[in-house]
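Have a look at the structure below, then the notes.
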Amino acid sequence: MLDLSAVRHSAAHIMAEAIQRLYPKAQFAYGPETEEGFFYDVKIPNHSLAKEDLPKIEKIMKEIVKGKHKFHHENITRDEALKLFAGQKYKVLTLTNQLDKESTVSVYRQGNFVDLCRGPHIEHTGQIKAFKVNRIAGSYWLGDSSNEPLQRIYGLCFDSKDELKNYIKRMEEARTRDHRLIGKQLKLFSWHDEGPGFPFMLPRGRTIFNLLVEYNRKKNDDRGYAEIHTPSMLVEELWRVSGHTDYYRENMYFSEVDDHQFVIKPMNCPGGILVYKEERRSYRELPMRVAEFGLVHRHELSGVLHGLFRVRAFTQDDAHIYCAMEDLENELVNIVDYTLEVYRDFGFNDYIIYIANRPKKAIGDPAVWEKATQTLRDALEVRGLDYKIKEGEGAFYGPKIEFNIKDCLGRLWQLGTVQLDFFLPSRFGMEYIGSDNQTHTPAMVHRAIFGSLERFIGILIEHTKGAFPVWISPVQAIILPITDDQNDYAQSVLKQLKLSGLRVETDTTSERLQKKIRNAQLQKIPYMLVCGEREANNNEIAVRLRTGEDLGSMKVKEFISNATNIIESKSKELWNKTLD
RNA sequence: GCCGGCGUAGCUCAGUGGUAGAGCAGCUGACUCGUAAUCAGCAGGCCGUCGGUUCAAUCCCGACCGCCGGCUCCA
């Protein structure tokens with residue numbers, strides 16, 4: 001069995017060779033493997049590649065593969081390499097920067113193409129069995145936006161044609177889970193040019209939003225959180241103290257009113273701190289857990305907006321915990337447990353945990369950062385959780401634990417976050433009186449579990465394909481009278497179900513039953529309650545599940561008790577057979 | 001913000017250098033029907049916006065706006 005990563009990496013070289021044949025002046029940057037294939041960053045002087053170029057590249061690649069050209073490995077001196085790659089500015093830059101300490105470097109050659117490369121590669125080009133050049137995107141030299149823009153050409157590459165085909169099929173299926181499509185189909189939320197990046201929540205989407213808030217509020221209450229609400233705009237001076245005007249300015253919206261500069265809040269913490277400082281605090285009040293469903297506005301770059309996943313205004317299920325140093329670890333572990341419990345409730349078992357440490361632009365003493373980061377590690381290790389490090393990706397005021405989840409196409413999004421902050425409390429002069437009658441500075445933890453309600457809803461949509469568990473379905477049941485004669489009966493059933501707290505609608509259009517079912521099915525409504533003459537005469541309804549299963553007729557009461565049971569238990573099932 | 005692509009009716013999409021079509025949705029009427037699309041009629045568009053080229057632009061060119069895929073950045 002060939003090493004797939006060597007195959008993919010080799011495919012990148014073959015693509016480079018093909019590009020070089022088509023555009024002899026092409027400059028090559030980096031060409032690594034990816035999770036599904038490979039890419040190569042290139043710069044073609046006076047030409048920008050378009051989709052139409054991809055089949056041409058692919059065709060030449062196929063010829064190269066057919067030619068079974070051998071990959072030759074050589075170690076040459078750096079000077080020789082500099083001569084060999086004289087016309088390739090990015091290779092020269094690599095040699096003079098990253099590889100400046102090496103006396104010899106490794107190169108691979110196949111056919112007329114030679115590349116600076118550590119390897120390993122396959123023996124010959126014929127060993128590549130299944131690939132496809134599939135898309136083209138922008139990038140920058142060394143991934144730095146202040147550098148020259150390059151073009152990145154992506155390819156897919158697998159061990160076999162079947163695997164490639166399967167992958168493409170899977171991706172096509174995945175695209176149908178896209179929350180942006182489903183959100184439109186199910187009328188959950190919408191967008192307008194008048195507010196780029198600002199989601200409009202429609203009645204059904206807002207229902208989900210409210211249910212999530214209700215769910216979270218209950219759990220917060222169980223865990224000793226109080227809830228507050230702080231204003232959306234506060235004077236700029238506050239944000240100067242917090243450091244936002246220095247460290248977060250490019251993401252902030254401002255508003256000038258009465259000759260005074262206000263900041264539209266990008267975070268909830270400064271407002272929360274003002275609440276903390278309203279009274280003289282005692283150690284007896286700690287740990288003080290204060291939650292806020294805060295709507296924050298952040299000016300994100302236009303190019304990064306992405307459905308509900310990346311917006312410019314979103315609601316955080318935020319909370320700030322103020323505690324004594326010695327309580328910190330316990331609080332952190334509790335938050336981690338809480339977070340994982342919530343993800344379990346929603347069936348999100350596939351998350352990745354990161355610890356993001358000190359960014360380049362940060363306030364405070366690096367030694368304090370180191371200590372805070374270690375505390376976060378400890379909290380995860382107490383629970384035996386694996387995590388990876390994100391170098392320099394912490395918040396400007398503290399390191400953070402990040403809980404990331406994949407969307408339908410495998411892109412990672414951060415949901416929950418736990419941030420440890422030793423800096424804002426001292427910047428704001430927060431204190432409490434200890435049992436020793438001395439003044440102390442509390443430690444502060446920022447935490448969000450859903451992260452952003454909007455993003456969480458997006459992930460929930462992609463995980464369920466819009467077929468939500470009943471408890472969170474915006475419309476839980478729809479009553480379908482077979483003919484107009486049953487419309488009155490449908491109304492009476494509607495009343496009964498509403499009284500039981502169900503979210504129900506009726507379809508009294510003059511369509512045929514099949515059409516009504518189709519419409520309900522497309523809306524992913526869990527229960528379709530058919531009533532014809534038989535049912536109307538017996539105070540019954542015929543229950544059809546979203547899965548297509550027909551449960552037959554039953555008393556309205558029986559339906560209510562089973563549905564309520566499913567809803568109250570937040571079950572992912574639609575029906576509890578053991579209750580029958 | 002950067003690179004590339006795209007922008008036609010509420011939605012999904014055809015189409016042409018000579019001022020536009022389909023299906024679904026909507027409205028009206030008929031049908032009253034048992035588990036994924038009943039039939040007929042009607043209505044619906046400054047072809048994203050602003051400039052330019054042209055006798056003539058929805059189509060060609062440019063700018064802007066928005067969306068999509070990446071890069072960078074982040075909940």
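Chain A is the first sequence line, chain B the second, and so forth, proteins listed ahead of strands; every chain is numbered from 1.
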Subject >> Ring centre gap for A/F456 and A/F346 strictly below 6.0 Å >> reply: yes
**OP:** Tell me the partner of B/rU16, counting only Watson-Crick (N1-N3 plus N6-O4 or O6-N4) or G-U wobble (N1-O2 and O6-N3) with both under 3.5 Å; none if nothing fits.
**Re:** none
**OP:** Let me know the distance between CE of A/M267 and P of B/rC74, rounded to the nearest Å.
**Re:** 10 Å
Original post:
Checking all strands, does A/G532 fall into the base, sugar-phosphate, or nothing category for heavy-atom contacts under 4.0 angstrom?
Top reply: base
**OP:** Identify the nucleotide, in any strand shown, that forms a Watson-Crick or G-U wobble pair with B/rG34, with both distances under 3.5 Å; if there is none, say none.
**Re:** none
**OP:** Mark yes or no: A/R152 above the aromatic ring of A/F39, with NZ or CZ under 6.0 Å from the six-membered ring centre and no more than 45 degrees from the axis.
**Re:** yes
Subject >> Watson-Crick or G-U wobble partner of B/rA9, both distances under 3.5 Å >> reply: none
Original post:
Which of the following nucleotides, B/rU35, B/rG70, B/rA75, is nearest to the side chain of A/A137?
Top reply: B/rG70
Original post:
Would A/Y154 count as stacked on B/rG70 if the rule is ring centres under 5.5 Å and plane angle under 30°?
Top reply: no
**OP:** Determine the contact category for A/E454: base if any of its heavy atoms lies under 4.0 Å from a base atom, sugar-phosphate if only primed atoms, P, OP1 or OP2 are that close, otherwise nothing.
**Re:** nothing
**OP:** May I ask you to say what A/Q514 touches in the nucleic acid, namely base, sugar-phosphate or nothing, with a heavy-atom cut-off under 4.0 Å?
**Re:** sugar-phosphate
Original post:
Roughly how many Å is it from CG in A/L181 to P in B/rC68, rounded to a whole number?
Top reply: 10 Å
**OP:** Check every strand shown and say whether A/K516 touches a base, only sugar-phosphate, or nothing at a heavy-atom separation below 4.0 Å.
**Re:** nothing
